[in-house]
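The structure appears right after this line, and notes come after that.
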Protein chains: 2
Amino acid sequence: MMESISTEEKIIRAADKIFTQKGYAATRTREIAEEAGTNLALLNYYFGSKEKLFRNVVREKLKMLLSAMGPIASDENIPIDQKIKMISENYTQLLLENEDLPLFILNEWSVNKKLFADLIRETRQHAEPVIEKQLRESGVAISVEDLIVNTLGMIMFPFIAKPMILSSGLVQKDQFAMFVEKRKEKIPEWIKKITVKQEPL
Amino acid sequence: MMESISTEEKIIRAADKIFTQKGYAATRTREIAEEAGTNLALLNYYFGSKEKLFRNVVREKLKMLLSAMGPIASDENIPIDQKIKMISENYTQLLLENEDLPLFILNEWSVNKKLFADLIRETRQHAEPVIEKQLRESGVAISVEDLIVNTLGMIMFPFIAKPMILSSGLVQKDQFAMFVEKRKEKIPEWIKKITVKQEPL
DNA sequence: ATTTGTTTTAATCATTTGTTTAAATCGAGA
DNA sequence: TCTCGATTTAAACAAATGATTAAAACAAAT
């Protein structure tokens, strides 16, 4: 049974690929059409305009990025160090399969804050108060902001800075996946060390 | 004595501003000309093409970014924890004055690896072996790769993810500078905690 | 087989965009 | 003042680009 995908779906996938790779401004609608194996007019027939197609793609990508964290972070029943572990695991896995996802999202966000303000309104997350409470109760020496920024930074930064890291020779190209796989395990330990209270002298 | 800047300089500054803000693809040469208060043709008169002007800007920006780290990291006479302190200090200062520098560089790098391969060849850094040696001698429990990625990540990530951080309400807009100023002091402490050897049970 | 609505194609449009050209203006030196 | 090269302006060009149109092909229902 030959499962054939619709033209609309083919266009979405092509748009996904090209937009994520090159960003909105550098993407040509003709290239998307070609990648989808269809006609340029089909793109406008199905999606109305380049921008509307872009919104479609960004909405999905943003959901991807947020849903790897939100539900875990806001669950009151998961202890905080368990959360870090799960998020480190989930995110690294997600980013290994979508390497240019974070840079794409963060760059387009910085260029088009309006678009993301709209999309965020649809996808509200409420993790902060929960983590705040958990941090206070466990009495560790770090703020929510720093905890989240450090955790996400450690996970995402290697992917964002990948070209720089490779070009500097710090990590070999074929070792990169291994590099982040290993970090995946270490990050929760690092965060634990960071958040631990100073021993009294 | 009225210090007036040359047209060439005015164009460079305008290009700097617009390119850094919007990236190469989204930048219109006409906008640069307007921002510089000159004619569109002047841009080609002085720099030949949009791309050559872009290379000019990128070369300077990349040098900026690398020179805040390179000379310190490769100096054998500075102990490693002092290096972290200095780099955290320097970089935060630099990025506070050039907030979109890291996202600009990393994004253009990912889009145009060839250009950066050329530029990097001009600006070779040799920090890695030095730090490797220092790490081995101090016998800490972390690799050079992880140390560098964690340090740079902690410093740069807040700037890269600024729109997301603000939009999430994690940090208020008018508190952002304060937020990274404080992190500037904490990062060396965090790195120290991370790199410290595990106590034997 | 005919009709009807949907999907696809090929061609074209209007605008934008990087670049060029040719003439005008400026400024210093003879 | 005149000249000559450097700088600036206004206009135009060619290609690229997002979007549209009108007709053709297709598919399902009657």
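Here the structure is a predicted model, which is why all the values come from computation and not from measurement. Throughout, a chain's letter reflects where its sequence line sits, starting with A, and its residues are numbered from 1.
- With sequence neighbours excluded, the residues satisfying salt bridge (Lys or Arg N to Asp or Glu O under 4.0 Å) with A/Glu60 are A/Lys63.
- When side chains are defined from C-beta on, B/Phe159 does not count as touching B/Asn98, because their heavy atoms never get closer than 4.5 Å.
- Salt-bridge check for B/Lys85 with B/Glu89: failed, with every basic side-chain N at 4.0 Å or more from each acidic carboxylate O.
- Two residues are said to be in side-chain contact when any heavy atoms from C-beta on lie closer than 4.5 Å; A/Leu147 and A/Ile194 fail this criterion.
- Counting to the nearest Å, the P atom of C/dT20 and the CZ atom of B/Phe47 are 16 Å from each other.
- A distance of 7.5 Å separates CG in A/Leu96 from NZ in A/Lys184, rounded to the nearest 0.5 Å.
- Taking 4.0 Å as the cutoff to heavy atoms of chain A, we find the contact window on DNA chain D bounded by D/dT17 to D/dT21.
- A/Phe19 and A/Phe54 have perpendicular rings, their planes meeting at more than 60° on a 0 to 90° scale where under 30° would count as parallel.
- Pairs of residues two or more places apart, or lying in two chains, that qualify as salt bridge (charged side-chain N to carboxylate O under 4.0 Å, His left out) and include a residue from residues 141-157 of chain A are A/Asp146-B/Arg183, A/Asp146-B/Lys186.
- You'll find the side chain of A/Ile105 stays beyond 4.5 Å of the side chain of A/Met64, heavy atoms only.
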Return the polar atom pairs (N/O with N/O) between nucleotides 6-12 of chain C and the protein under 3.5 Å, or none.
from: C/dT7; atom 1: OP2; to: A/Tyr45; atom 2: OH; distance (Å): 3.1
from: C/dT8; atom 1: OP1; to: A/Thr7; atom 2: OG1; distance (Å): 2.7
from: C/dT8; atom 1: OP2; to: A/Thr7; atom 2: OG1; distance (Å): 3.3
from: C/dT8; atom 1: OP2; to: A/Tyr46; atom 2: OH; distance (Å): 2.8
from: C/dA10; atom 1: N7; to: A/Asn39; atom 2: ND2; distance (Å): 3.4

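- Note on B/Asp118 versus B/Lys114: salt bridge recorded, some NZ/NE/NH1/NH2 to OD/OE distance being below 4.0 Å.
- At a threshold of 4.0 Å, the pair B/Lys22-B/Glu31 counts as salt-bridged, since one of the basic side-chain nitrogens sits closer than that to a carboxylate oxygen.
- A cation-pi contact links B/Lys162 to B/Phe176, judged by a cut-off of 6.0 Å to the six-membered ring centre and 45° from its axis.
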* Evaluate side chain to side chain contact (heavy atoms under 4.5 Å, CB included) for B/Tyr24 paired with B/Asn112, printing each intermediate quantity in order. => CA-CA 10 Å; B/Tyr24 179 80; B/Asn112 193 347; over 6 Å; no
* **Dot-bracket summary - DNA chain D, pairs being Watson-Crick or G-U whose distances fall under 3.5 Å, with | when paired to another strand** => ||||||||||||||||||||||||||||||
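- Near DNA chain C, meaning a heavy atom under 4.0 Å away, the residues from residues 18-28 of chain B are B/Thr27, B/Arg28.
- The CG atom of B/Leu43 sits 13 Å away from the C1' atom of C/dT20 (whole-angstrom rounding).
- Of the charged side-chain nitrogens involved, at least one lies within less than 4.0 Å of a carboxylate oxygen, so that A/Glu9 and A/Arg13 count as a salt-bridged pair.
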